[in-house]
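As structure tokens, the structure follows; a few thoughts come after it.
Sequential numbering from 1 along the given sequence is applied to the chain's residues.
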Amino acid sequence: MSIDRIELRLVEMPLVAPFETSFGVEVVEEHIIVRVDGDGITGWGECVASDGPWYSYETNRTAWHVLQDFLIPRVFENEIHSAMEFPKLAARVRGHNMAKAGLESALWDWFAKAQNKSLAQAFHAAQTAQRDYVLPERIVVGVSVGLQATPRALVERVRGYLQEGYTRIKIKIKPGHDVELVRAVRAEFPNVRLQVDANSAYHLADAAIFRAMDDANLLLIEQPLSNDDIFQHSKLQRELKTALCLDESIHSADDAEAALELGACRIINIKPGRVSGYAEAIKIHDLAARHNAPVWCGGMLESGIGRAGNVAVAALPNFKLPGDLSASRRYYKQDLVEPEFTVDAEGKMRVPTGPGIGVEVSQKNLDAATVSCQVFRRNHFATQ
Ligand code: OSB
Ligand code: MG
């Protein structure tokens, strides 16, 4: 069994509405789609870097470089027998987690298809949190709502998502647009499951802002302080009843262990792309379970290719809180997969059960979104 062809595509997908966070506005989402082929099987993955180093230092150009010059050659120079072996091969490359995760996710799909297993089944077999766990058919999902022009507009946007069935709302905050947004949404929807995400926009000296929302019955406050910080978050957590949740600061299971043992957060947002792939995501899931800390699956506005893996991982037992896993149409007019992802009236999403990602990639939609494409073949990297 071996992979002999790898294709990278830079894709551009216009969002149905601009998505604004404390670090900027996304209008067109740019990702890298990874395709691996061998033995008549095709695996698909998605690298969630973006056009600029805003959420993390990675960009699609750094990811393409690291994939082309370091990670793809490692796959061609070695025989690998499971996606779980990829992190060892990739370990010599420091950082560049999104680049690693893009290729690893395509390998997970390829190996799962080779074994006629769904990704959810493959991930289930790899987790150690609860062996006798039965995979659910559907999972509860949430929606992440970007900054809007006014608090009124935000409330109306939230109302629309609640009408579509979502039962958990996350709102983005930034300095000057925080406590009033929480109050506006809470006043209108007193019982909705609500959380906020600051994307690293505050400093410890801003603690009073978070104390001011401590009585709003939030599920959690996501990544209030610096993107690499753990220590200052541990100080802030001590001042609040509301659970902190780390996103940007957690790049590995070691980071997660430090954060949980230091009391820097009580909940972890797992984004496979941020932590170098599903193998590390599952390690964090298992570790958090041992610490009795719930996790949930974050999102990077993925196409259906990346979403499929995220939905599968979010089906694991310690994903106790709804993820940022919304319907395809919440992001894109046209997704890259068929059928597209949908959310039902109970705010739940089906976990695909077919082999691998369990959805078909639409070649037509993929071609329409492709900006550039490059093919790599095993024999070109042969060393003898
Ligand atoms: O911080 O969770 C974040 C999107 C891009 C970059 C960072 C984040 C987000 C989201 C969107 O909140 C989550 C989604 O994909 O629905
Ligand atoms: Mg976040």
Side-chain angles (χ1 to χ4, degrees), residues 45-46 48 82-88 90 97-98 100-101 104-105 107-109 111-112 117-142 168 170 195 219-220 222-223 230 243-300 302 306-325 349 351-352 357-358:
E46 180 164 350
V48 299
S82 109
M84 297 282 273
E85 293 179 7
F86 177 74
K88 266 201 301 295
N97 284 355
M98 292 176 178
K100 290 172 180 169
E104 197 214 72
S105 58
L107 295 173
W108 274 103
D109 184 35
F111 280 104
K117 276 187 185 171
S118 68
L119 275 186
Q121 289 170 323
F123 296 156
H124 184 288
Q127 62 87 32
T128 60
Q130 192 185 331
R131 289 289 191 203
D132 62 355
Y133 176 74
V134 178
L135 284 168
E137 283 176 25
R138 298 179 301 159
I139 55 170
V140 181
V141 295
R168 190 231 65 183
K170 158 169 145 183
Q195 61 194 58
L219 282 176
L220 57 91
E222 183 177 346
Q223 194 73 36
I230 288 177
L244 294 185
C245 168
L246 291 179
D247 172 353
E248 283 89 331
S249 293
I250 305 299
H251 308 102
S252 64
D254 286 347
D255 285 348
E257 185 170 34
L260 291 172
E261 293 203 7
L262 293 170
C265 64
R266 300 205 288 261
I267 297 171
I268 291 174
N269 163 331
I270 296 183
K271 286 180 186 169
R274 192 192 68 230
V275 304
S276 81
Y278 290 108
E280 195 71 16
I282 293 166
K283 265 170 83 174
I284 297 173
H285 163 270
D286 295 357
L287 172 108
R290 292 196 295 276
H291 283 78
N292 281 318
V295 302
W296 55 281
C297 185
M300 292 294 289
E302 286 89 347
R307 187 165 318 283
N310 288 355
V311 172
V313 84
L316 296 183
N318 196 36
F319 280 85
K320 295 246 161 76
L321 294 169
D324 284 345
L325 300 163
M349 185 174 276
V351 181
I357 57 174

Rounded to the nearest 0.5 Å, what separation is found between the CD1 atom of Ile250 and the CD1 atom of Ile284?
7.0 Å
Looking at every heavy atom in both Val311 and Pro352, which two are closest together, and how far apart are they?
CG1-CD, 4.0 Å
Distance, nearest 0.5 Å, that separates CD1 of Ile270 from CD1 of Ile267:
12.0 Å
When rounded to the nearest 0.5 angstrom, what is the spacing between CG in Leu119 and CD1 in Ile357?
7.5 Å
Can you find a heavy atom in the side chain of Arg290 that is under 4.5 Å from one in the side chain of Asp286?
yes
Is there a side-chain contact between Met98 and Val48 in this structure, where contact means two heavy atoms from C-beta onward sitting under 4.5 Å apart?
yes
If you measure from CD1 on Ile268 to SG on Cys297, what distance do you get to the nearest 0.5 Å?
13.5 Å
I'd like to know if the side chain of Arg307 and the backbone of Glu302 have a donor-acceptor N/O pair within less than 3.5 Å.
yes
With a 4.5 Å heavy-atom cut-off, do Tyr133 and His124 have their side chains touching?
yes
Please evaluate residues Leu220 and Leu321 with respect to the criterion side-chain contact (heavy atoms from CB on, under 4.5 Å), reporting the C-alpha separation (whole Å), side-chain torsions for both, the decisive distance (0.1 Å), and the verdict.
CA-CA 10 Å; Leu220 57 91; Leu321 294 169; 4.1 Å; yes
Residue pair Glu104 / Ser276, side-chain donor-acceptor N/O under 3.5 Å:
no
Under a 4.0 Å N-O cut-off, is there an ion pair linking Glu280 with Lys283?
yes
Smallest separation among heavy atoms of His285 and Asn318, with atom names:
NE2-N, 2.9 Å
Shortest non-hydrogen contact between Ile282 and Gln127, atoms and distance:
CG2-CA, 3.7 Å
Lys/Arg-Asp/Glu bridge criterion (N-O < 4.0 Å) met for Lys170, Glu222:
yes
Salt bridge or not between Arg168 and Asp324? Use side-chain N to carboxylate O under 4.0 Å.
yes
Do you know which two heavy atoms are closest between Lys271 and Gly299, and how far apart they sit?
CE-O, 3.3 Å
Side chains of Val275 and Ser252, heavy atoms from C-beta outward: is any pair under 4.5 Å?
no
To the nearest 0.5 Å, tell me how far Asp247 CG sits from Arg274 CZ.
4.5 Å
Closest contact, heavy atoms only, Ala120 versus Ala312:
N-CB, 3.5 Å
Nearest heavy-atom pair of Val351 and Pro136: which atoms, and what distance?
CG2-O, 3.9 Å
About how many Å separate CG of Leu287 and CD of Glu257, when rounded to the nearest 0.5 Å?
5.5 Å
Note, Leu244 side chain near Arg266 side chain (heavy atom, < 4.5 Å)
no
So do Cys245 and Trp296 actually touch side chain to side chain, heavy atoms under 4.5 Å?
yes
I want to check something: taking the side chain as every heavy atom from C-beta on, are Leu316 and Phe123 in contact at a cut-off of under 4.5 Å?
yes
Is any side-chain heavy atom of Val140 closer than 4.5 Å to one of Pro322?
yes
Donor + acceptor pair across side chains of Tyr278, Asn310 (<3.5 Å)
yes
Within the side chain of Glu261, is there an N or O that forms a donor-acceptor pair under 3.5 Å with the backbone of Ala258?
no
Phe86-Trp108 aromatic ring centre distance below 6.0 Å
no
Between Glu46 (side chain) and Gly306 (backbone), is there a donor-acceptor pair under 3.5 Å?
yes
